[in-house]
Amino acid sequence: MADAVVLVSGGAAVTPYTDPERAASAGLAAGNTMTALRAHFVARGIRVFTAPARIGAGEVREDAGWQGFDDVPVVLPAGVTINAVGRVDDAGAALAAFLRWLADEREVGSVDLVGHSMGGLFSRAAIRELGGGGPRIEHLVTLGTPWDGSVLGDLLDGELSEADAHGDPAARQIFAEARPYADANSEGAAAEVSRRFLRGWNDAQAGVLDGIPVTAVGAGYFSAATEPAQLWPHDGLVSLTSGRADEVPATVLPRVERHSFGDHVHSIFFAEAFGLPWERALTWDPAVFAVVDAALGD
């Protein structure tokens, strides 16, 4: 078993640094992505940390947005903090620096990485950046990670269009909000979650995950149509096939277990927006956590 679990949030997520004893004392203790999963590990007595992340470069002191947090007891430097709207490789470099900090300051010799959404991509980039240095990576679990494209990225790239929504109100709403959100927030991330970009990026990662067991979990609550499979079914942001890494070649992903949650959405943002309980989000459901536990051998 690894010395610790490190939770890595995804694109545009704001997450404070937390350790097993300390977290934000106001609002959601580990942010609106990782609070429930962190609490699950803490309750089981497992040493768990969250990687700090924010929108733009800098330090994480608070999140004044929806279901945010305040009163962060430990604020780490910008150099070990993920810019969650920046380029994947830059985020990976910051995450690798954080993992080295854990090794030096918290005596963490090995870690299990659990990444949500783009956090899975950030984790993969960090593994490559570490290159065998820093803490040893024992397992990688991804929840709703765009291994092979995303609704946002593929829409912006022109591989998906309004016609692919087939008139579905939910898909049309997601499409309508995607471009303005990317224009307002992205510092490179949105352009790097398209299938076109990721297939080239994946090819360049061949060998990085050799020897690391990977578990890829996808969701597909939105299922109003069946084609194109690049979109349907999807969790609001990532298709089921992309989240499961179904079409990622074995040269890139040699050792993988795939799991599906067909009635789940990407995050509590989507659960809230579409009138679902938060437990229907990949980040908040004990049934998903059980899959994570099994993947980590706990």
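Hydrogens, waters and symmetry mates play no part in the numbers below; they use all other heavy atoms, side chains included. Along the sequence shown, residues carry numbers from 1.
- Listed for the H266 side chain is no donor-acceptor partner under 3.5 Å among the backbone atoms of A219.
- Looking at F270 and L237, their side chains come closer than 4.5 Å, going by heavy atoms from C-beta outward.
- F98 and W101 have parallel rings, their planes meeting at less than 30° on a 0 to 90° scale where 60° marks the start of perpendicular.
- In this structure the side chain of W66 reaches within 4.5 angstrom of the side chain of I268, judged on heavy atoms.
- Here CG of D112 is found 10.5 Å from CG of L7. Values are rounded to the nearest 0.5 Å.
- In this structure the side chain of D89 never reaches within 4.5 angstrom of the side chain of E192, judged on heavy atoms.
- Residue E107 qualifies as open at atom CD: its count of foreign heavy atoms under 6.0 Å is 12 or below.
- Atoms OG and CG, from S123 and L130 in turn, are 10.5 Å apart once rounded to the nearest 0.5 Å.
- Between the CD atom in E138 and the CD1 atom in I212 there is a gap of 9.0 Å [rounded to 0.5 Å].
- Across all their heavy atoms, S267 and A281 have their closest contact at C-CB, 3.4 Å.
- Each of V14 and L28 belongs to its own hydrophobic cluster when Ile, Leu, Val, Met, Phe, Trp and Tyr are linked at side-chain heavy-atom distances under 4.5 angstrom.
- A side-chain N or O of T18 and one of R38 form a donor-acceptor pair less than 3.5 Å apart.
- Cluster membership for I55 and V60, using ILVMFWY side-chain heavy atoms within less than 4.5 angstrom, is shared.
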Please step through side chain to side chain donor-acceptor pair (under 3.5 Å) for the pair E272 and W278, ending with a clear verdict.
-> CA-CA 7 Å; E272 188 82 7; W278 284 7; 2.9 Å; yes
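- Relative ring orientation between F222 and F274 is described as perpendicular, the plane-to-plane angle rising above 60° on a 0-90° scale split at 30° and 60°.
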side-chain contact (heavy atoms from CB on, under 4.5 Å) assessment of Y17 paired with T81 | CA-CA 9 Å; Y17 165 74; T81 299; over 6 Å; no
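- Within the 4.5 Å cutoff, no side-chain heavy atoms of L198 are placed close to those of V88.
- Using a 4.5 Å heavy-atom threshold, the side chains of T241 and W147 count as separate.
- Q230 and R195 form a side-chain donor-acceptor contact under 3.5 Å, judged by distance and modelled atom types alone.
- Remark: Y221 pairs with V265, L276, R280 by the side chain to side chain contact (heavy atoms under 4.5 Å, CB included) rule, at least two apart or across chains.
- L156 has its side chain out of reach of V193: every pair of non-hydrogen atoms, C-beta onward, lies at least 4.5 Å apart.
- Checked by atom type and distance alone, the side chain of D285 never pairs as donor or acceptor with a backbone atom of L282 at under 3.5 Å.
- With hydrogens and angles left out, the side-chain atoms of R244 and S260 include a donor and acceptor closer than 3.5 Å.
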Given side-chain contact (heavy atoms from CB on, under 4.5 Å), test E59 with R54 step by step and report yes or no.
-> CA-CA 8 Å; E59 301 171 342; R54 53 168 284 142; 5.5 Å; no
Given side-chain contact (heavy atoms from CB on, under 4.5 Å), test D3 with S110 step by step and report yes or no.
-> CA-CA 5 Å; D3 291 342; S110 60; 3.6 Å; yes
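- Side-chain contact between S25 and F69 is absent, with no heavy atoms from C-beta onward closer than 4.5 Å.
- Within the model, atoms CH2 of W201 and CG of D148 stand 12.5 Å from one another, a figure rounded to the nearest 0.5 Å.
- No continuous path of ILVMFWY side-chain contacts below 4.5 Å connects L102 to V5, so the two sit in separate hydrophobic clusters.
- The structure places CG of D71 at 12.0 Å from CZ of R61, a figure rounded to the nearest 0.5 Å.
- Annotation: side chain of T145 is not in contact with side chain of V238 (no heavy-atom distance under 4.5 Å).
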Does the side-chain contact (heavy atoms from CB on, under 4.5 Å) test come out yes or no for D90 and N83, once each step is laid out?
-> CA-CA 8 Å; D90 293 340; N83 176 0; over 6 Å; no
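- Looking at S9 and T15, their side chains do bring a donor and an acceptor atom within 3.5 Å of each other.
- When hydrophobic clusters are built by joining Ile, Leu, Val, Met, Phe, Trp and Tyr residues whose side-chain heavy atoms come closer than 4.5 Å, directly or via intermediates, L296 is not grouped with L113.
- Nearest heavy atom pair, residue T251 against residue D210, reads O-OD1, 4.5 Å.
- Scanning both residues, V108 and A4, for their nearest heavy atoms gives CG1-CB, 4.1 Å.
- Here S242 contributes atom OG and H234 contributes atom NE2; the two are 12.5 Å apart, rounded to the nearest 0.5 Å.
- There is no path of hydrophobic side-chain contacts, each under 4.5 Å, that joins L95 to V85.
- When all heavy atoms of A84 and A13 are compared, the pair lying nearest together is CB-O, 3.5 Å.
- If you check the side chains of T215 and H259, you find no donor sitting under 3.5 Å from an acceptor.
- For the salt bridge (Lys or Arg N to Asp or Glu O under 4.0 Å) test, residues two or more places apart in sequence or in another chain that qualify with D19 are R22, R106.
- Not a single donor-acceptor pair under 3.5 Å links the side chain of D157 to the backbone N or O of G153.
- Between P228 and L160, the closest heavy-atom pair is CG-CD2, 4.0 Å.
- The two residues P233 and G220 make their nearest non-hydrogen contact at CB-O, 3.6 Å.
- For E162, the salt bridge (Lys or Arg N to Asp or Glu O under 4.0 Å) partners two or more places apart in sequence, or in a different chain, are R172.
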